[in-house]
Structure formats: C-alpha cells, structure tokens
Amino acid sequence: RKEVEQDPGPFNVPEGATVAFNCTYSNSASQSFFWYRQDCRKEPKLLMSVYSSGNEDGRFTAQLNRASQYISLLIRDSKLSDSATYLCVVNMEGGGADGLTFGKGTHLIIQP
Amino acid sequence: DTAVSQTPKYLVTQMGNDKSIKCEQNLGHDTMYWYKQDSKKFLKIMFSYNNKELIINETVPNRFSPKSPDKAHLNLHINSLELGDSAVYFCASSQGALNDLEQYFGPGTRLTVL
C-alpha cells in the first residue's frame, strides 16, 4: 500500500531554535524524495530535493535513511517566516510521475 | 509573468452544475498535473499530461475530464458537481516526468459546491 506518513503537528517552536521532523515511506523501491513548503492558503513550493548523501541549503538540511525508510528535515536558527506546512513527497514507483505521493504535511509554528 | 496560472481563483456553484478550471504554464514544461487538496489538507494527484497524452489517472470519477489543447494548457472540466468535490484544485507543471520531478504549482482554485 502506498503510504507517506508525517506527524501533522503542530510543532510550536521558539524563534532561533532548531527543529527537525521526519517522514516515513512504505515502498522500499522509492527513488526520489522532496520537501515542499506550503503557506496557509497558498500553493506548495519546492523547498529542497533529498539526496542519498544528504544535502544542505543554508539553514535547512535534508537527509535520507533508506534502511529505516524515512527522510528528515532540520531547520536551524528558525525564523518567524519558517512558519508553514512542510510536505514530504516521495516517488513511490521508483521513477516517473505516476507514483508521486504527498504526505499530509507537518505544520510548523515559529513563535516570537 | 506568472509561471503557472489558474482561473478562476474562486468558484462557487450549485450541485449538478458543470464547470471548468483553466491552467496555463509559460515554463515550457513537458508535463502538467491536476491535484485536489481536500479540507484535511491532503494533496492528491488526479491527472497528469505529458506531450498531450494522459499518462496517469488516479481513482478519479469520470465526471472529471482533463483537456489539453496544447503543451502549455491543461484544463479541468467537471460534470454534475457534487458536495464532495468542494476542495482546492492545484494545477502544476514539471520538466519531464522521470527524474526531474520538481513541480511548479499554480495558485489554486477554491471550489465550493453548495
């Protein structure tokens, strides 16, 4: 069964703190992984792709753990503007657009 | 110079009506998609078109029909609207359909069926 699971939150985090959340996926053949960000009443936007070796973009670090079948997103020195819903996206069929599955998202609230 | 645009932004209509939502992308992408985001915020893919051919079709009622007049447009037509069709519909596009799956989303169309 195709599944991408995330803790819906909300995660309430003080400004400046570090926050991390995970996303688990059920299909071990999945090959492509992404984090998207969705602001309230807005469209999703790509935050970063997740590579096998892990990748970092400024304050954001994404990692993939194939053995345990999860990806993670770490946000350092969180800003008020980081408040959003973070969607985990997994290509469940091992390639191609037909298996692209979105998680339900993790709601993050950065508090001043 | 919006990359992916949708019209209308809001659509309120009665049950049983037929309506269309239009989508256009100016990115030169090969593949376009329609997603439905329900009240629980769950985003689910409905259709995608690659080079004017439907390449996926999830378990969507046949009341929903995508129409692609050209590579830059993918419209969504809905017949006999039902209450459960109320949701936000997002159009998206991507360059290719294999490894390069970064998707660019339109602003969404909020459909309310009364």
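Clustering ILVMFWY residues whenever any of their side-chain heavy atoms sit less than 4.5 angstrom apart, transitively, puts Ile78(B) in the very cluster that holds Leu54(B). When the side chains of ILVMFWY residues are joined at heavy-atom separations under 4.5 Å, either directly or via intervening members, Phe64(B) and Met15(B) end up in a single hydrophobic cluster. Under the 4.5 Å side-chain heavy-atom criterion for grouping Ile, Leu, Val, Met, Phe, Trp and Tyr, Leu76(B) is connected to Leu83(B) within one hydrophobic cluster. In the hydrophobic clustering of ILVMFWY residues, with side-chain heavy atoms under 4.5 Å counting as a link, Tyr70(A) and Leu108(A) come out apart. Linking Ile, Leu, Val, Met, Phe, Trp and Tyr whenever their side-chain heavy atoms come within less than 4.5 Å puts Leu81(B) and Val60(B) in one cluster.
Within the 6.0 Å centre-distance limit, the rings of Phe102(A) and Tyr35(B) are counted as a close aromatic pair.
For Gln37(B), the CD atom counts as densely surrounded, since its 6.0 Å shell holds more than 12 non-hydrogen atoms of other residues, nucleotides or ligands.
Residues Phe34(A) and Gln103(B) form no side-chain contact, since every pair of their non-hydrogen atoms from C-beta on lies 4.5 Å or further apart.
Note: Thr85(A) OG1 to Leu43(B) CG = 11.5 Å, rounded to the nearest 0.5 Å.
Scanning residues 39-49 of chain A against chain B with a 4.5 Å non-hydrogen threshold yields Arg41(A), Lys42(A), Glu43(A), Pro44(A), Leu46(A), sorted by number.
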